[in-house]
*Asks:* 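Before I ask anything, let me first share the structure, which is written out below as structure tokens.
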Amino acid sequence: LEFRRVLFRSPYSIEQFGHDVEDLLNHVGWTSVHVAGASMGGCVAQQLAITHPELVRSLGLLDTTAWFGAGAPEAWEGRAKQAEENGMASLLDFQRARWFSDEYQKQEPAVVARTLDALAKASVAGFAATCRMLGTVDLRPRLAELKVPTAVIVGEQDLATPLDMSRDLQARIAGATLEIIPRAKHLSFIECAPEAANALGRLLARR
């Protein structure tokens, strides 16, 4: 399997990530799929549905956005530089507070630790390039092209992609539904996995 994007070659683009998913689907021989993506994965899912609508049967967008706002380039550049200058471990406290509610951190410390450990082990080069890519993402102009059943799902306390971003997604995608998961933060699909799964199940029932 050869991806069109060579690993860790900068700059990345959301289009390249979308093409990578397309290439993977072609490789395994899947011609029509239900796609769900969370956070950055939600941006990639949107891109795939925009550029290859024939591949996407339904679209689940969890804790994500089409645009991170006017200050996104500077904010994401700052995060990229922090990783490059201080290592991935320097980001853990910041991400812990954004990803999980205080209550969940107390209830499931092993899950939180395992998730943060994956971040700590991530490639600095790959992380930084991805941050810079996210600072450039703006899929809003093309969301009106989406015609597949779509569910926007978001944690009530999500600070990374707040409720207003989810409401904007719903407004721009014809027929999209919006489900807010109470008390959850950015990784609602981990913190409230049954609720997220049920929301995706309702999406599949709309086929």
Side-chain angles (χ1 to χ4, degrees), residues 3-6 9-26 30-80 98 126-156 158-181 186-189 196 199-200 203-204 206-207:
F3 290 114
R4 304 180 198 192
R5 171 176 55 83
V6 178
R9 176 180 292 173
S10 297
Y12 291 174
S13 72
I14 192 64
E15 291 83 7
Q16 290 171 323
F17 277 78
H19 287 316
D20 281 355
V21 179
E22 178 202 358
D23 288 344
L24 178 61
L25 295 176
N26 288 337
W30 293 354
T31 59
S32 180
V33 295
H34 301 282
V35 179
S39 193
M40 181 188 77
C43 298
V44 177
Q46 292 169 65
Q47 180 66 44
L48 179 69
I50 289 168
T51 55
H52 294 285
E54 74 283 358
L55 295 176
V56 179
R57 298 174 64 185
S58 66
L59 190 60
L61 302 176
L62 298 93
D63 301 297
T64 190
T65 186
W67 180 58
F68 285 92
E74 294 78 12
W76 284 108
E77 177 65 24
R79 209 170 304 179
R98 288 163 73 85
F127 178 83
T130 300
C131 286
R132 293 179 173 116
M133 179 274 291
L134 290 172
T136 70
V137 166
D138 188 358
L139 298 166
R140 295 174 300 168
R142 300 194 63 184
L143 291 182
E145 300 173 24
L146 299 181
K147 306 300 181 185
V148 297
T150 301
V152 180
I153 304 160
V154 63
E156 182 182 26
D158 190 345
L159 300 177
T161 52
L163 295 185
D164 284 348
M165 291 183 177
S166 290
R167 293 188 178 105
D168 186 67
L169 276 177
Q170 182 197 20
R172 291 176 184 273
I173 301 173
T177 60
L178 173 62
E179 297 201 35
I180 300 171
I181 299 179
H186 186 54
L187 299 190
S188 66
F189 58 96
L200 291 174
L203 171 63
L204 294 178
R206 293 166 52 195
R207 289 180 290 163

*Asks:* Please lay out, stage by stage, how I180 and R167 fare under the test side chain to side chain contact (heavy atoms under 4.5 Å, CB included).
*Replies:* CA-CA 10 Å; I180 300 171; R167 293 188 178 105; 4.2 Å; yes
*Asks:* How long is the gap from OG on S166 to CD on E156, to the nearest 0.5 Å?
*Replies:*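 So the gap between those two atoms works out to 12.0 Å.
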*Asks:* Pick from L200, L61, T64: which one makes a side-chain contact (heavy atoms from CB on, under 4.5 Å) with I153?
*Replies:*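 Considering L200, L61, T64, a side-chain contact (heavy atoms from CB on, under 4.5 Å) with I153 is found only for L200.
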*Asks:* Side chain to side chain contact (heavy atoms under 4.5 Å, CB included), that's the test. Do Q46 and I173 meet it? Break it down for me.
*Replies:* CA-CA 10 Å; Q46 292 169 65; I173 301 173; 5.5 Å; no
*Asks:* Identify the heavy atoms of P11 and Q16 that sit nearest to each other, and give their distance.
*Replies:*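 Heavy atoms only, the tightest pair is O-OE1, 3.5 Å.
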*Asks:* Please report the closest heavy-atom contact between R98 and A160, naming both atoms and the distance.
*Replies:*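 So the two residues come closest at NH2-CA, 3.2 Å.
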*Asks:* Would you name the heavy atoms of L203 and A151 that are closest together and state the gap between them?
*Replies:*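 The pair with the smallest heavy-atom distance is CD1-N, 3.8 Å.
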*Asks:* Between R206 and T177, does a side chain to side chain contact (heavy atoms under 4.5 Å, CB included) hold up when you go through it step by step?
*Replies:* CA-CA 11 Å; R206 293 166 52 195; T177 60; 3.5 Å; yes
*Asks:* Given 3.5 Å as the limit, does a donor-acceptor pair link the side chain of T65 with the main chain of F68, or not?
*Replies:*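 No; judged by distance alone, with no hydrogens or angles, the pair does not exist.
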*Asks:* Grab the two heavy atoms, one from P73 and one from G135, that are nearest each other, plus how far apart they are.
*Replies:*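 In this case the closest contact between P73 and G135 is CG-O, 3.4 Å.
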*Asks:* Using modelled atom types only, decide if a donor and an acceptor are shared between the side chain of S58 and the backbone of P149 within a distance under 3.5 Å.
*Replies:*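 Such a contact is absent between S58 side chain and P149 backbone.
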*Asks:* Test side chain to side chain contact (heavy atoms under 4.5 Å, CB included) on V154 and L178 and set out the steps.
*Replies:* CA-CA 8 Å; V154 63; L178 173 62; 4.2 Å; yes
*Asks:* Do P53 and E145 have side-chain heavy atoms sitting under 4.5 Å apart?
*Replies:*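 When only atoms from C-beta onward are counted, E145 and P53 do not touch, as no gap falls below 4.5 Å.
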*Asks:* Measuring from L163:CG to D63:CG, what's the distance to the nearest 0.5 Å?
*Replies:*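 Interatomic distance, L163 CG to D63 CG, rounded to 0.5 Å: 9.5 Å.
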*Asks:* Which heavy atom in C43 sits nearest to a heavy atom in L139, and how many Å separate them?
*Replies:*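 Taking C43 first and L139 second, the nearest heavy atoms are O-CD1, 3.5 Å.
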*Asks:* To the nearest 0.5 Å, tell me how far T31 OG1 sits from E54 CD.
*Replies:*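 Rounded to the nearest 0.5 Å, the OG1-CD separation comes to 9.5 Å.
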*Asks:* For L62 and A196, which heavy atoms make the closest approach, and how far apart are they?
*Replies:*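 Closest pair (atom of L62, atom of A196, distance): CD2-CB, 4.1 Å.
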*Asks:* Can you find a pair of side-chain heavy atoms, one from R79 and one from F127, that are under 4.5 Å apart?
*Replies:*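 They are in side-chain contact.
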*Asks:* Hey, could you give me the CD/CD1 distance between E15 and I50, rounded to the nearest 0.5 Å?
*Replies:*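 Interatomic distance, E15 CD to I50 CD1, rounded to 0.5 Å: 9.0 Å.
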*Asks:* Have a look at I14 and tell me which of T136, D138, V44 forms a side-chain contact (heavy atoms from CB on, under 4.5 Å) with it.
*Replies:*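 For I14, the side-chain contact (heavy atoms from CB on, under 4.5 Å) check succeeds only for V44.
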*Asks:* Nearest 0.5 Å, what's the CH2-CG distance between W67 and L143?
*Replies:*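 Between atom CH2 of W67 and atom CG of L143 there are 13.0 Å.
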*Asks:* Look up atom CD in E22 and atom CD in Q47, then write down how far apart they are to the nearest 0.5 Å.
*Replies:*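 Nearest 0.5 Å value for the CD-CD distance: 10.5 Å.
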